[in-house]
Every structure is written in structure tokens, then in C-alpha cells.
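Report on the following structure.
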Amino acid sequence: LGPKIGLLEYAVSQEWKFISVMGAGNRLDPTQIHLTPLSKSHNCPLARRVRKFLGRRGIKADFPCVWSSEPPLRPEEDDSAPDEIILQRGRQRKTVGSISYLPAIMGMFAASWVIREIINP
């Protein structure tokens, strides 16, 4: 998350026109992908954390972003796969997985926005 926040903070400070893509992890439904200002996102833990960390840095920019309104699936507990467990701040967490097609579709949403901005500035 740190590099993403740093890049977004820099892009805002330079007054660049840009788009950002939020989380695709633990989601399956491409019909719930949206392209809106960051403030309109919901059910996306990554977007929530981005808003929180940017706010802490005093950044109030509301840039366009691609995000999914699908609530993230909760992975089942699997004691037979200890390699997938990550210790973070003293608690166990499962890794976040992405289905192969969803990040690509979200990238296509972002690419579409870029092309439309070039054609109709």
C-alpha cells in the first residue's frame, strides 16, 4: 500500500490527470466493476485504505478510480495450507487471491478512460 499511496500523492501534487485501479482480490463478478471518483467507492477495502491514508496526508483529491462493489469473498479456513497464512501485526490472515480475468477487466476499464480522455480532453 505504501508505494501506491506515495505514487498517488505525487500525482496529485503534480496536478496530473490520472486514474487508479483498486482491489480485485477475492472477487469474481465483473458486472460489479465501476469507474467513479474515489469518494463513490464502497465494499472495497483497498479503496477505503487509500482514502484513509491520503486523508491522513491532507490530500483531498477525488480522482477517478476503477473498483468493484462486490463484497470480497471470505476464504475458508484451511489448516492444511500453512504456507498461505501470513502473520501481520500478531494476527493470522489469509492471502488475497485474484481470479485471472478480473484484474485484466479492471485494467481495460482504466485503459478505456485514458483513451476517452485523449480523444475528448
Side-chain angles (χ1 to χ4, degrees):
L1 185 62
K4 185 176 194 84
I5 297 298
L7 181 60
L8 293 172
E9 182 178 21
Y10 185 76
V12 169
S13 74
Q14 297 299 305
E15 298 181 2
W16 290 347
K17 194 170 206 177
F18 67 93
I19 187 168
S20 185
V21 179
M22 298 297 137
N26 293 350
R27 293 175 175 89
L28 300 173
D29 187 355
T31 66
Q32 295 191 50
I33 296 173
H34 308 277
L35 195 166
T36 67
L38 179 63
S39 65
K40 302 288 186 196
S41 64
H42 57 88
N43 286 343
C44 181
L46 179 59
R48 182 177 59 245
R49 292 180 70 199
V50 166
R51 285 192 308 269
K52 178 181 173 181
F53 280 91
L54 289 176
R56 284 182 183 171
R57 295 180 182 203
I59 298 169
K60 304 297 181 199
D62 201 17
F63 48 85
C65 68
V66 179
W67 55 279
S68 174
S69 61
E70 178 183 8
L73 299 172
R74 299 228 182 255
E76 293 181 16
E77 294 294 324
D78 185 3
D79 295 333
S80 67
D83 293 338
E84 293 186 21
I85 296 175
I86 301 171
L87 290 177
Q88 185 179 30
R89 297 184 188 162
R91 57 186 176 165
Q92 293 183 346
R93 297 183 65 170
K94 294 283 186 179
T95 57
V96 177
S98 295
I99 193 76
S100 61
Y101 55 82
L102 208 56
I105 294 169
M106 293 175 93
M108 288 181 207
F109 266 69
S112 168
W113 179 87
V114 169
I115 291 167
R116 288 181 282 128
E117 288 297 313
I118 290 169
I119 293 171
N120 300 311

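- Here the side chains of Pro45 and Pro72 are in contact, with some heavy-atom distance below 4.5 Å.
- When all heavy atoms of Met22 and Cys44 are compared, the closest pair comes out as CB-SG, 3.7 Å.
- The backbone N or O of Leu46 lies less than 3.5 Å from no partner atom in the side chain of Arg48, so there is not a single donor-acceptor pair.
- Between Leu102 and Leu28 the shortest side-chain heavy-atom distance does not fall below 4.5 Å.
- Annotation: side chain of Pro64 is in contact with side chain of Leu35 (closest heavy-atom distance under 4.5 Å).
- Under the 4.5 Å side-chain criterion, counting only non-hydrogen atoms from C-beta, Lys60 is not in contact with Leu54.
- Atoms CG and CG, from Leu73 and Asp29 in turn, are 10.0 Å apart once rounded to the nearest 0.5 Å.
- Linking Ile, Leu, Val, Met, Phe, Trp and Tyr whenever their side-chain heavy atoms come within less than 4.5 Å puts Ile59 and Val50 in one cluster.
- Atoms CZ and SG, on Phe109 and Cys65 in that order, are 12.0 Å from each other to the nearest 0.5 Å.
- Ring geometry for His42 versus His34: interplanar angle of 30 to 60°, hence tilted.
- Side-chain contact between Ser20 and Leu38 is absent, with no heavy-atom pair separated by less than 4.5 Å.
- Minimum heavy-atom separation, Gln32 to Pro71: OE1-CD, 4.5 Å.
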Quiz item: Could you walk me through whether Asn26 and Arg74 pass the side chain to side chain contact (heavy atoms under 4.5 Å, CB included) check?
Solution: CA-CA 7 Å; Asn26 293 350; Arg74 299 228 182 255; over 6 Å; no
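- Ser112 has its side chain within reach of Arg116: a pair of non-hydrogen atoms, C-beta onward, lies under 4.5 Å apart.
- A donor-acceptor pair under 3.5 Å links the side-chain atoms of Asn43 to the main chain of Ser69, judged by distance alone.
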Practice problem: Verify side chain to side chain contact (heavy atoms under 4.5 Å, CB included) between Ile105 and Val66, making sure each step is shown before the conclusion. | Solution: CA-CA 10 Å; Ile105 294 169; Val66 179; over 6 Å; no
Quiz prompt | Test side chain to side chain contact (heavy atoms under 4.5 Å, CB included) applied to Glu9 and Gln14, step by step | solution = CA-CA 9 Å; Glu9 182 178 21; Gln14 297 299 305; over 6 Å; no
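- When every heavy atom of Ala24 is checked against every heavy atom of Met106, the shortest pair comes out as CB-SD, 3.5 Å.
- At least one side-chain heavy atom of Leu1 sits under 4.5 Å from a side-chain heavy atom of Phe53.
- Cluster membership for Trp16 and Leu8, using ILVMFWY side-chain heavy atoms within less than 4.5 angstrom, is shared.
- Nearest heavy atom pair, residue Ala110 against residue Ile19, reads CA-CD1, 3.9 Å.
- Ring orientation note: the planes of Phe63 and Phe18 are tilted relative to one another, at an angle of 30° to 60°.
- Hydrophobic clustering of Ile, Leu, Val, Met, Phe, Trp and Tyr side chains at less than 4.5 Å, counting indirect connections, unites Ile99 with Ile33.
- Atom CH2 of residue Trp113 and atom CD1 of residue Ile118 lie 9.0 Å apart, to the nearest 0.5 angstrom.
- There is no path of hydrophobic side-chain contacts, each under 4.5 Å, that joins Val21 to Leu7.
- Note on Arg27 versus Glu70: no salt bridge recorded, every NZ/NE/NH1/NH2 to OD/OE distance being 4.0 Å or above.
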